Asks: 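I'd like to ask some things about the structure below.
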Amino acid sequence: MSNTQITRPLFDQLMVPNYAPLNMIPVRGEGSRVWDQQDNEYLDLTGGIAVNALGHAHPELVKTLIEQAQKLWHVSNIYTNEPALQLAQKLVDNTFAEKVFFANSGAEANEAALKLARRYAQDNFNKDKTEIIAFHQGFHGRTFFTVTAGGQKSYSDGFGPKPADITHLEYNDLSALEAAISDKTCAVILEPLQGEGGVLPICHQFAIAVRVLCNKHNALMIFDEVQTGMGRTGSLFAYMGLDVTPDIVTSAKALGGGFPISVMLTTTKLAACLTVGTHGTTFGGNPLACAVASKVFDLINTPEMLAGVKQKEKLFRELLDEINSEFSIFKEVRGAGLLLGVVLNEQYQDRAKDFFLASVEQGLLVLVAGANVIRFAPALNISDDEIKQAMAKFKNAIEVVVKG
Ligand SMILES: *Cc1c(COP(=O)(O)O)cnc(C)c1O
């Protein structure tokens, strides 16, 4: 085995075929740059799907990781540990939360949130209060409960009986929510900006109305900030820019800067229903992940970093507008902070993938969000110079696609 050539065909030979990775295999990264096996260089506007918020191999994160690795990696929740409590303190000090629960992925944080909502309703109201309201095109992860809450039916079809009593409504449709919500609703779960669903921002009035309606019906408002949390939109969490305080906020992707960790944030009152033994995870809150996330938190939660996100958004939008005035390929740039979506116009319907592949050829890594949206989720510390270089490459990629 030591002589095995590591190539893309080996993936098809060895791996469960649920992914379709690119042909190039990244081997090394530094900041917003990545190199493949042939030492080709790429500018990375994907950030590992909004995960590597401080870029690749950030020196301070590497240092923290090594220091903690030499001390203590994992102890299980039979014990608590110092890095977990340090990180929890930072989250509590800087958000609405009074209590936190750590897990390892976005799906697990949302799973905890949905279970908490059901449990809270069972304990405090009645057995019929089980309905969860979620939204079309929403994405909450791939465990069976969370994927069923997600708004893409095809993702949860074909696995047998689904977790029951989840209602899907149109995102941002206030009258649909008013009509559907009732005293049987235990929670409304939504993203403050739909990421996977097409980089679709929430209407400010809708966010406020969700809060009001949840209060009226004793339902919990769950904000899934797995993608928008930790500075992505220019606020530490997106709810902070929307004048609402949810009952539960989940976060993951950028939280560990590339080390897997997630969190559910909530209040003391709600947390009280998850008594000893009601929920748990072996790896959640391990010292290695928490030490790294704690350092990530310090580096992101500064006025300079958060203001930088808004400035860089402006630069992206300016450069994209310039490109569009030349090629007229998109009708809109939407999103917030450094989670931006380029929405293709009628002429280029369903061709986001073509622009994505042409970008790779130019040494630029971008994302798609559905068939019509090209998505950028770069590191929050990407430099202005790198943004300019990236947009020059993007322009070349567009030219190739447009000229056929
Ligand atoms: C990525 C994502 C998830 C799922 O996170 P995993 O770590 O893949 O489980 C959930 N919600 C949102 C909004 C996401 O963007």
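We count ligands from 1, going down the list as the structure has it; atoms in each ligand are counted the same way. As the structure is a computational prediction, the values presented were derived from the model and not from experiment.
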Asks: Using a cut-off of under 3.5 Å, which N/O atoms of ligand 1 pair up with protein N/O atoms, and what distance separates each pair?
Replies:
| residue | atom | partner | partner atom | Å |
| --- | --- | --- | --- | --- |
| ligand 1 | 7 (O) | G106 | N | 2.8 |
| ligand 1 | 9 (O) | G106 | N | 3.3 |
| ligand 1 | 9 (O) | A107 | N | 2.7 |
| ligand 1 | 11 (N) | F139 | O | 3.1 |
| ligand 1 | 11 (N) | D224 | OD1 | 3.3 |
| ligand 1 | 11 (N) | D224 | OD2 | 2.7 |
| ligand 1 | 15 (O) | Q227 | NE2 | 2.7 |
| ligand 1 | 15 (O) | K253 | NZ | 2.6 |

Asks: How are the rings of H279 and F101 set to each other: parallel, tilted or perpendicular (split at 30° and 60°)?
Replies: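 Tilted.
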
Asks: Compute both the distance and the angle, then confirm whether K353 meets the cation-pi test with F356: under 6.0 Å from the six-membered ring centre, within 45 degrees of the axis.
Replies: no

Asks: Quick one: is the NZ or CZ of R33 closer than 6.0 Å to the six-membered ring centre of Y42, and within 45° of its axis?
Replies: no

Asks: Side chain of S262, backbone of A252: donor and acceptor closer than 3.5 Å?
Replies: no

Asks: Is the shortest side-chain heavy-atom distance between M305 and L54 below 4.5 Å?
Replies: yes

Asks: Would you call E131 and I181 a side-chain contact if the rule is heavy atoms closer than 4.5 Å?
Replies: no

